[in-house]
Structure formats: C-alpha cells, structure tokens
Amino acid sequence: VQLQASGGGLVQAGGSLRLSCAASGPTFSRYNMAWFRQGPGKEREFVAAIKWDRSAVYADSVKGRFTISRDNAKNTVYLQMNSLKPEDTAVYYCAADRPPVGITSALANENMYDVWGQGTQVTVSS
C-alpha cells in the first residue's frame, strides 16, 4: 500500500485548501484513515481521522473548520480546510490503519497507523 498526498500550498489567513490522499490497494474501504501534521519546531500531531464506516473524529484545534471525508470508489481521503490560521502551517501527512483496524478511542494515536504518505506543505500567511 502506498499513500500519495497532494493539495498543499500557500494561502492567506481565512482561506481554504483541500488536501487529497490517494491510496493504492484493493481494500481501501476497510482502512481507517487519518491526517496528522507537523509544524515548524513542533512534534507531529493528530488532525482528523475517518473510520471505514465514515464516522470521523477531529482535534479540538480544527473542529468546525476542517472536514475529513473519503471516496472509496477513488481510494481517496480528503481534508477540507476552511478558515485557515497561521498556526495551521505545517507539513500534513495522511496515514492508513489497515485491517484489523484499531479501536475508535485510539484513532488519534499515530502508532495505530502502519502506512504513511510523504507529506504536503501547507503555509498560511497572516
């Protein structure tokens, strides 16, 4: 399985971006998928996750601004980011938790994910 993230870029504060993560492999619909990010000088942190059943969880810092979704026909997960802030500046990584998937309470734990994409840079200017 390989993950290919795209859609990053430079945007002004208050703007929007949509990240995409395309996955290879025939069983994508059974994966839990997530987005993490790592800002300059910071540790990698959880952003959002979507389970195989399409239920989603979000970090408090992005609730109400970001939306994670998936299109199983395209083997792709998306992260719609609205009302972007300078503190959202980071490299964004998508990750996959393949079956047997972890429990819901562990979705924010990066150790649950066994496949990672290469990252896409998001820069939000003030």
- Query: Distance-only, no hydrogens or angles: does the Asn75 side chain make a donor-acceptor pair with backbone N or O of Ala23 under 3.5 Å?
  - Reply: yes
- To the nearest 0.5 Å, tell me how far Asp114 CG sits from Tyr31 OH. 8.5 Å
- Message: Angle between ring planes, Tyr92 versus Phe66, binned at 30° and 60°: parallel, tilted or perpendicular?
- Response: tilted
- Query: Hey, are the side chains of Leu17 and Leu84 touching, using non-hydrogen atoms and a 4.5 Å cut-off?
  - Reply: yes
- Task: Spell out, yes or no, whether Val115 and Ile50 are grouped together once hydrophobic residues are joined by side-chain heavy atoms under 4.5 Å, including indirect joins.
- Result: yes
- Flag this pair as yes if the NZ/CZ of Arg37 is under 6.0 angstrom from the six-membered ring centre of Tyr93 and inside a 45 degree cone about the axis; otherwise no. no
- Query: Can you tell me how far the CD atom of Glu110 sits from the CZ atom of Phe36, to the nearest 0.5 Å?
  - Reply: 6.0 Å
- Message: Under 6.0 Å from the ring centre and within 45 degrees of the ring axis: does the NZ or CZ of Arg70 meet both conditions for the six-membered ring of Phe28?
- Response: yes
- Met81 vs Arg18, side-chain contact (heavy atoms from CB on, under 4.5 Å): CA-CA, chis, key distance, verdict: CA-CA 6 Å; Met81 305 186 294; Arg18 189 177 79 156; over 6 Å; no
- Query: Does Tyr113 use its side chain to pair, donor to acceptor, with the backbone of Leu107 at less than 3.5 Å?
  - Reply: yes
- Quick one: does Arg44's side chain get under 4.5 Å of Trp116's, heavy atoms only? yes
- Take atom CD of Glu45 as the centre, draw a 6.0 Å sphere, and report whether it contains more than 12 heavy atoms from other residues, nucleotides or ligands. yes
- Query: Among the clusters formed by ILVMFWY side chains lying less than 4.5 Å apart, do Val47 and Tyr78 turn up in the same one?
  - Reply: no
- Message: Rounded to the nearest 0.5 Å, what separates atom OG in Ser29 from atom CG in Asp53?
- Response: 11.5 Å
- Query: Between Ser6 and Thr120, is a side-chain contact (heavy atoms from CB on, under 4.5 Å) present by the stated rule, with each step listed?
  - Reply: CA-CA 6 Å; Ser6 61; Thr120 185; 5.6 Å; no
- Message: Suppose we call two aromatic rings close when their centres sit under 6.0 Å apart. Are Phe46 and Trp35 close by that rule?
- Response: no
- Note on the structure: Closest non-hydrogen atoms of Ala5 and Gln118, given as atom of the first, atom of the second and distance, are O-NE2, 2.8 Å
- Message: Side chains of Thr76 and Asp71: any donor to acceptor distance under 3.5 Å?
- Response: no
- Between Lys85 and Asp88, is there a side-chain N and carboxylate O pair less than 4.0 Å apart? no
- Query: Would a distance-only check, ignoring hydrogens and angles, find a side-chain to backbone donor-acceptor pair under 3.5 Å from Asp97 to Gly102?
  - Reply: yes
- Query: What's the verdict on side-chain contact (heavy atoms from CB on, under 4.5 Å) for Val101 and Arg30, showing C-alpha distance, side-chain angles and the deciding distance?
  - Reply: CA-CA 8 Å; Val101 297; Arg30 297 166 56 197; over 6 Å; no
- Task: Kindly give the heavy-atom pair with the smallest separation between Ala48 and Leu79, and that separation in Å.
- Result: CB-CD1, 4.2 Å
- Straight-line distance of Thr104 OG1 to Asn32 CG, nearest 0.5 Å: 7.5 Å
- Query: Looking at CD of Gln80 and OG of Ser20, how far apart are the two atoms once the value is rounded to the nearest 0.5 Å?
  - Reply: 9.5 Å
- Just by distance, do the side chain of Ser83 and the backbone of Arg65 share a donor-acceptor pair under 3.5 Å? no
- Inspect the surroundings of CH2 in Trp52 and state if more than 12 heavy atoms from other residues, nucleotides or ligands are less than 6.0 Å away. no
- Query: Should Gln121 and Thr123 be marked as a side chain to side chain donor-acceptor pair (under 3.5 Å) after you check the CA-CA gap, both sets of side-chain angles, and the distance that decides it?
  - Reply: CA-CA 6 Å; Gln121 176 71 46; Thr123 302; 3.3 Å; yes
- Tell me, yes or no, whether the heavy-atom count around Arg54 atom CZ, taken from other residues, nucleotides or ligands under 6.0 Å, exceeds 12. yes
- Take Gln12 and Val124 through the test side-chain contact (heavy atoms from CB on, under 4.5 Å) and record every step on the way to the result. CA-CA 5 Å; Gln12 289 188 332; Val124 184; over 6 Å; no
- Query: When clusters are formed by joining ILVMFWY residues with side-chain heavy atoms under 4.5 Å apart, either directly or through shared neighbours, do Val91 and Val11 land in the same one?
  - Reply: no
- Note on the structure: The reported gap from CG in Leu19 to SG in Cys94 (rounded to nearest 0.5 angstrom) is 9.0 Å
- Note on the structure: Heavy-atom nearest pair, Leu3 first then Cys21, reads CB-SG, 3.9 Å
